[in-house]
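Following: one structure in structure tokens, then a few remarks.
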Amino acid sequence: MDPLTLLLADSRFPSGSYAHSLGLEQAVNDGLRDVPAFIRARQRHVASADARFAVEARRGNVLEDEWYARTPSPVLRESAQRLGSQLLRSAAKIWDVPVARMPRPLALGVVAAAAGVSDEDTALLALYDDAATVASAALKLLPLDPAVTARWLADLAPDLARVAQAIAHDDGPLPSPAAVAIELSAPIHLEQRERLFAS
Amino acid sequence: MRIGVGGPVGSGKSSLIAALCGALAGEARLGVVTNDIYTTEDAEFLRSTGVLPEERITAVQTGGCPHTAIRDDISANLEAVEELEAATGPLDLVFVESGGDNLTAIFSPALADVQIFVIDVAGGDDIPRKGGPGIARADLLVINKTDLAPYVGADDAKMVREASERRGSLPVAPTSLRTEGADQVAGWVRAQLAAFRAHGHLHSSMEGVPDHHHDHDHVH
Ligand SMILES: Nc1nc2c(ncn2[C@@H]2O[C@H](COP(=O)(O)OP(=O)(O)OP(=O)(O)O)[C@@H](O)[C@H]2O)c(=O)[nH]1
Ligand SMILES: [Mg+2]
């Protein structure tokens with residue numbers, strides 16, 4: 001196990017994600033209560049594609065246009081860019097990476113390359129970061145035992161490992177998933193007067 | 001130069017920033033970043049006072065963790081300051097207001113060159129004795145709402161005395177922002193700004209303070 005992978009996976013690594021729910025806050029506003037289902041939906045429709053982009057960036061293919069083509073919502077683009085530049089801002093104090101505005105998955109790949117993290121760990125980091133960010137946001141949005149949210153992640157572990165391995169070895173065309181509900185609710189969230197999270 | 005303004009909920013942080021902006025607007029290019037807990041109330045309040053043009057005031061969302069945003073993960077705040085400057089041109093002084101938090105919340109020295117901690121008499125006159133890093137070591141401790149002391153049974157002179165005992169040579173400023181304004185604090189800020197301009201940096205009294213510095217010594 002690579003300690004640098006642990007460092008990047010650790011929520012104590014300052015990269016801005018504590019302020020994001022990745023759509024969960026608005027979903028909860030709209031009545032969602034099954035957070036594990038939300039996490040799994042994000043894994044299928046968002047995180048797995050992001051993980052592929054992270055791996056490509058890790059290999060030196062920083063595919064910004066292709067990523068934007070899969071993320072039509074300007075609100076989601078903006079929050080992903082913010083998260084990306086915040087990650088790079090901290091990483092630049094450790095590794096030789098630029099402080100640039102780029103979507104989080106691409107920034108993660110750039111950082112992973114500089115840190116020497118493997119393709120598979122890069123994919124795993126992208127998948128895990130997505131799930132863990134939603135799980136920890138859930139604690140502030142719903143009455144929950146924190147051990148229960150940890151269990152959601154543990155339950156997801158076999159899938160995370162399997163998908164990360166597949167993505168790390170995928171040389172086929174870039175995936176093109178669509179998470180329409182998440183795209184549509186992002187601007188609605190932004191207009192809520194009372195909200196805890198930036199996304 | 002960046003000044004962090006922290007302290008418990010409702011102690012008068014936004015009111016202090018509004019008063020300071022009013023006092024200093026003619027002398028320095030000012031900006032404000034607020035760290036809101038749940039709404040953009042602080043930014044809206046400051047905009048509504050009209051002390052600064054609206055584009056000089058911006059809000060950061062903190063995911064319910066105001067102390068994280070000012071201490072453990074300051075990336076969003078640093079970005080907000082940069083965006084403010086990108087939008088308005090270079091600024092001489094940016095106030096960063098922390099979302100109202102508990103007594104242990106302090107600013108990272110990478111975010112604030114110096115910090116002001118604001119408490120008030122209505123929060124209880126034993127607060128200075130309870131201590132915490134903000135009370136013990138902030139570059140300036142403001143004890144606000146002295147006008148309310150008689151109504152809440154607080155002894156503001158005792159608060160100043162006990163705070164000063166704890167703080168050694170660091171300054172304590174009792175204020176009543178509602179009835180008297182913030183002239184003394186504005187004078188302190190002017191001096192900080194002059195020192196910053198002369199030296200290019202400041203030696204904050206907070207430097208070297210470890211996170212989660214729980215100081216439970218009581219003065220008997
Ligand atoms: N009586 C009195 N009220 C004051 C004084 N200063 C501020 N207030 C009032 O106290 C309330 C809170 O003031 P704010 O400036 O919003 O306090 P804050 O620390 O920014 O509050 P949060 O951002 O919510 O933590 C407001 O209703 C102010 O008008 C004062 O010196 N005396
Ligand atoms: Mg305020």
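Order of the sequence lines fixes the chain letters, A, B, ..., with proteins taken first and strands second; residue numbering starts at 1 for each chain.
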(request) Using a cut-off of under 4.5 Å on heavy-atom pairs, state which of Ala19(A), Ala198(A), Ala137(A) scores highest against chain B. (result) Ala19(A)
(message) So which residue, Leu196(A), Val99(A), Leu87(A), ends up with the most heavy-atom pairs under 4.5 Å with chain B?
(response) Leu196(A)
Quick check - list every chain A-chain B donor-acceptor pair under 3.5 angstrom, one line each.
{"from": "Ser15(A)", "atom 1": "N", "to": "Asp73(B)", "atom 2": "OD2", "distance (Å)": "2.9"}
{"from": "Gly16(A)", "atom 1": "N", "to": "Asp73(B)", "atom 2": "OD2", "distance (Å)": "2.6"}
{"from": "Tyr18(A)", "atom 1": "OH", "to": "Asp73(B)", "atom 2": "O", "distance (Å)": "3.3"}
{"from": "Arg82(A)", "atom 1": "NH1", "to": "Glu79(B)", "atom 2": "OE1", "distance (Å)": "3.2"}
{"from": "Arg82(A)", "atom 1": "NH1", "to": "Glu83(B)", "atom 2": "OE2", "distance (Å)": "3.2"}
{"from": "Arg82(A)", "atom 1": "NH2", "to": "Glu83(B)", "atom 2": "OE1", "distance (Å)": "3.2"}
{"from": "Arg82(A)", "atom 1": "NH2", "to": "Glu83(B)", "atom 2": "OE2", "distance (Å)": "3.4"}
{"from": "Ser85(A)", "atom 1": "OG", "to": "Glu79(B)", "atom 2": "OE2", "distance (Å)": "2.2"}
{"from": "Gln86(A)", "atom 1": "NE2", "to": "Glu79(B)", "atom 2": "OE1", "distance (Å)": "3.2"}
{"from": "Arg89(A)", "atom 1": "NH1", "to": "Glu82(B)", "atom 2": "OE2", "distance (Å)": "3.1"}
{"from": "Arg89(A)", "atom 1": "NH2", "to": "Glu82(B)", "atom 2": "OE1", "distance (Å)": "3.0"}
{"from": "Lys140(A)", "atom 1": "NZ", "to": "Gly63(B)", "atom 2": "O", "distance (Å)": "2.8"}
{"from": "Arg193(A)", "atom 1": "NH1", "to": "Glu44(B)", "atom 2": "OE1", "distance (Å)": "3.0"}
{"from": "Arg193(A)", "atom 1": "NH1", "to": "Glu44(B)", "atom 2": "OE2", "distance (Å)": "3.3"}
{"from": "Arg193(A)", "atom 1": "NH2", "to": "Glu41(B)", "atom 2": "OE1", "distance (Å)": "3.2"}
{"from": "Arg195(A)", "atom 1": "N", "to": "Tyr38(B)", "atom 2": "O", "distance (Å)": "2.9"}
{"from": "Leu196(A)", "atom 1": "O", "to": "Gly63(B)", "atom 2": "N", "distance (Å)": "2.9"}

Tell me whether the count of non-hydrogen atoms from other residues, nucleotides or ligands lying under 6.0 Å of [atom1] in [X] goes above 12.
{"X": "Asp96(A)", "atom1": "CG", "result": "no"}
{"X": "Arg151(A)", "atom1": "CZ", "result": "no"}
{"X": "Phe197(A)", "atom1": "CZ", "result": "yes"}

